[in-house]
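What follows is a set of notes on a single structure, which appears directly below.
Labels below follow one simple rule: chain letters A, B, ... track the order of the sequence lines, proteins then strands, and each chain is numbered from 1.
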Amino acid sequence: MTDEIYAGAREAVLKGDIDAAADVARRGLDEGIDPIELINNGFIPGINEVGDLFGTGQLFLPELIKAAKAMQAATDIINAAIPEGEGQEGGRVVIGTVEGDVHDIGKTIVVSLLKANGFEVLDLGRDVKTERFIEEAQRFNADIIGSSALLTTTMGAQKKLEEALRQAGLKERFKTMVGGAPVTRRWARRIGADAFAENASEAVRLARELIVSA
Amino acid sequence: MSDMILTRMGDGERVRLEAAEIREDILDGTEDAAKRAGIAPLSEDEQEQLFEIIADPARIVSVKPGNEVIVTDDGCSMSFYGGQDGGGVGAPLSRMQAVLTYERACGADTTSLGHSDYSYKPVKPIINFEANDYYNISMATTAPFFYGAQPNLGLYFQPDGPCPNAAELMPQGKIEEACQAQEEAAEHLQRDLVFVGRRLAEVGLEGLNFDTCGSAGDADFLAALKAVAELKKTVPDLPILMGAAGEFVLGMHGSVTFQGERLAGMFPQDQARMVAAAGGDIFGMAVSTATTESVPWNLSRAVTFLKATSERSPIPVHANVGMGVCGVPMMEQPPIDSVTRVSKALVEIGKADGL
Amino acid sequence: MGMQIAHIMASCMGGIRTAGDLVAWMQITRRMKIREAKAYVAKKLAIDPFELTDEEIMRELRKDLGIGTVTSIAGSPKGILAKSRVARLLDINIRSVALFRSQLDA
């Protein structure tokens, strides 16, 4: 029965079926499945599969958003059943495209996938000043600041953000992730960012790792 | 150490790998492409041929005499006087000087003109300036001279354009609104592409380049296809080159169709078919370079996609070989050791009709 | 710019140094793939396709045919005049040439 529930959870997320996802979550809890195991073994594999299918051009942004909504419906029900203090925090992310850069399509995909995976995301949009990244991260009580840059001429703003965080004594307070077409792992290392993601699925995986390590 | 082969990662970093590691990357790369696009992987002989190109101890390599192809220009002439964003070197040349230098000093097969923004929308208000420059330069050039830019659907969303911003609506769960905004934006884009093409056609345009189509997703690709079809109805003798943005059409909308076929998720072999069906004369294939993988892995993938596309395409296929595309490392000054290996492999194994 | 020049050195036919422009015209005006385009141009020039990228052969041919040479020769056609001859040689429509001819005839 448990396996059937897990399969149902995966399928509900893959289909982006909000009602089915909520129903499976309730049935799973009624069956006595541990809430955290229900998320980890049922819903998370589903949303991971959605991310992979999106990354290989077999599933598209509207379906990704629907899957995220289904995931959200299920996790709301399951989280309510977890005793306080024992729940898994998805993490809080402030994200934006750096100052001088108006490209936001890649960032949109990352935002969607992070939300789908249970992260609380504050999307600052595009052309975001360094100071605003920091102010909003403090206000939002973020765990991670994500910045995107699509131009070789705007990548420098990611370095500026790292320097500003250091100067403000906040480098240890927030983890930083960088992405965007010209951005590389070496660039992330060079400027002192905590992670670089090549694509949206990778961003989710690394964000989880950063939350665990924090 | 001497047995190690000098190559690079996708971000340009120099690495020394053992022959077995390179062969393994080539195998992984071709299998990855084959699995994704439902095409055949490179044969063992082709993989070995690719290995020989990568392992060549010379700093640069080239195709064998007789195997040369056409190198079309997508904004290269602008690189003389442009800046960092387009890989430009900022030399103080006029547009005409740059185009003629590229044609005569570099021996380019084709040249081109483009607005520095490299998008079609900003060309609209300055179309007469562009038509004037195009006409004047076309009187002096000998090789085919294109006008080119990117469709760039993103410029039609607020705050830059008239349509609600799909990139903001979608994460809010407003799927229908986001899709509608993309459809509306695509109509604006199509109109602008046709407007620019028609006006330049009046002054003897020799060829039009829609570069990096689909960079904002499937609606962007659709607008370009429809613009090609519309232009071909009114200016049937206008050659049009249509280049793609990636190995598959990104499904930002997910449901738009051209001639009854859904565009989202289309791989290069089908992208080429669509471009030909719209009336395009050359298809430009693009495969993004993964910066965390090696050049052998990236190049093997790109060659695999290209070979399948070249074999099936009814029109010539040119591989896009700019910064971070088709195995060229993603960095502002792509190293020429990798660039020439990409060139040779795409032509001799991928059977490109041009680059 | 170095990247483009590297591609030109590695794979390019050579533009007006050789017969690159001629083969390119065939690709864009007749949708010919590389092998077919080379064969077509070679036939028009009465040479072997292999010779299309041979500077030693193509330079003389281009000079004789008045279709533009890479070095600048006083009195020798280049630009729209050279293209006009290319259009006739290859039996193709070059739009800038068509416009120019219509203006001449007007």
Q. In this structure, are over 12 heavy atoms from other groups packed under 6.0 Å from C:Lys63 atom NZ?
A. no

Q) Considering only heavy atoms, which portion of B:Ser313 lies under 4.5 Å from any heavy atom of chain C: side chain, backbone, both, or neither? A) both

Q | Taking every non-hydrogen atom, the tightest pair across C:Ile8 and B:Cys106 | A | CG2-O, 3.3 Å

Q | B:Ala352 versus C:Ile34, closest heavy-atom pair with distance | A | O-CG2, 4.3 Å

(Q) What part of B:Val317 gets within 4.5 angstrom of chain C, counting heavy atoms only: side chain, backbone, both, or neither? (A) neither

Q) Does B:Pro65 reach the side chain of C:Phe50, with side-chain heavy atoms less than 4.5 Å apart? A) yes

Q: Measure C:Leu52 against the heavy atoms of chain B and call it side chain, backbone, both or neither at under 4.5 Å.
A: neither

Q.
Donor-acceptor check, side chain of C:Arg31 to backbone of B:Gly280, threshold 3.5 angstrom: yes or no?
A. yes

Q | Rounded distance [0.5 Å steps], NZ in C:Lys33 versus CD1 in B:Ile70 | A | 14.5 Å

Q.
Less than 4.5 Å to any heavy atom of chain C: does that hold for the side chain of B:Leu355, its backbone, both, or neither?
A. side chain

Q | Minimal non-hydrogen separation, C:Ala10 against B:Val61, with atom names | A | CB-O, 3.6 Å

Q | Interchain contact, C:Val86 with chain B, by part (heavy-atom threshold 4.5 Å) | A | neither

Q: Quick one: pull up CZ in B:Arg104 and CD1 in C:Ile16 and give me the separation to the nearest 0.5 Å.
A: 5.5 Å

Q: Select one option (side chain, backbone, both, neither) describing which atoms of B:Ala140 are under 4.5 Å from chain C's heavy atoms.
A: backbone

Q.
Need one label for B:Val89: side chain, backbone, both or neither, based on atoms under 4.5 Å from any heavy atom in chain C.
A. side chain

Q.
For B:Ser79 and C:Gln4, which I'm curious about, is there any donor-acceptor pair between the side chains at under 3.5 Å?
A. yes

(Q) Other residues, nucleotides and ligands only: do more than 12 of their heavy atoms fall within 6.0 Å of CZ on B:Arg8? (A) yes

Q: Please flag which part of C:Ala24 lies under 4.5 Å from any non-hydrogen atom of chain B: side chain, backbone, both or neither.
A: both

Q) Are there more than 12 heavy atoms of other residues, nucleotides or ligands under 6.0 Å from atom CZ of C:Arg35? A) no

Q: State, yes or no, whether a side-chain contact exists between B:Ile282 and C:Gln27 at a heavy-atom distance under 4.5 Å.
A: yes

Q: Could you look at B:Thr110 and say if it's the side chain, the backbone, both or neither that has a heavy atom under 4.5 Å from chain C?
A: side chain

Q. Nearest 0.5 Å, what's the OG-CE distance between B:Ser343 and C:Met3?
A. 10.0 Å

Q. If you round to the nearest 0.5 Å, how far is CH2 of C:Trp25 from CG of B:Asp109?
A. 12.0 Å

Q) Checking B:Leu238 against chain C: side chain, backbone, both or neither under 4.5 Å from a heavy atom? A) both

(Q) To the closest 0.5 Å, what do you measure between CG (B:Asp237) and CD1 (C:Ile92)? (A) 11.5 Å

Q) Between B:Glu348 and chain C, which part of the residue has a heavy atom less than 4.5 Å away: side chain, backbone, both or neither? A) neither

**Q.** Any side-chain donor near an acceptor of the partner, C:Lys83 and B:Ser138, under 3.5 Å
**A.** no

Q) Do you know which of C:Ala37, C:Ala98, C:Ala19, C:Ser96 has the most heavy-atom pairs under 4.5 Å to chain B? A) C:Ser96

**Q.** Minimum heavy-atom distance between B:Val71 and C:Cys12, given as atom pair plus value
**A.** CG2-CB, 3.4 Å

Q: Report, as yes or no, whether the 6.0 Å neighbourhood of atom CD on B:Glu202 holds more than 12 heavy atoms from other residues, nucleotides or ligands.
A: yes

Q | Toward chain C, the part of B:Pro314 with a non-hydrogen atom under 4.5 Å | A | backbone

Q: Heavy-atom distances under 4.5 Å only: say whether C:Gln103 touches chain B with side chain, backbone, both or neither.
A: side chain

Q) Does any heavy atom of chain C fall under 4.5 Å from the side chain of B:Phe80, the backbone, both, or neither of them? A) both

Q. What residue, out of C:Val23, C:Leu81, C:Ile5, has the most heavy-atom pairs lying under 4.5 Å from chain B?
A. C:Val23

Q. Where on C:Ile28 is there a heavy atom nearer than 4.5 Å to chain B: the side chain, the backbone, both, or neither?
A. both

(Q) Using modelled atom types and a 3.5 Å cut-off, is there a donor and acceptor pairing between side-chain atoms of C:His7 and backbone atoms of B:Val321? (A) yes

Q: Measure the CZ-OG1 distance between C:Arg85 and B:Thr142 for me, rounded to the nearest 0.5 Å.
A: 12.0 Å

Q) Side-chain contact, heavy-atom cut-off 4.5 Å: B:Val235 with C:Arg95? A) yes

Q: State, to 0.1 Å, how close C:Thr29 and B:Pro239 come at their nearest heavy-atom pair, and which atoms those are.
A: CG2-CG, 4.5 Å

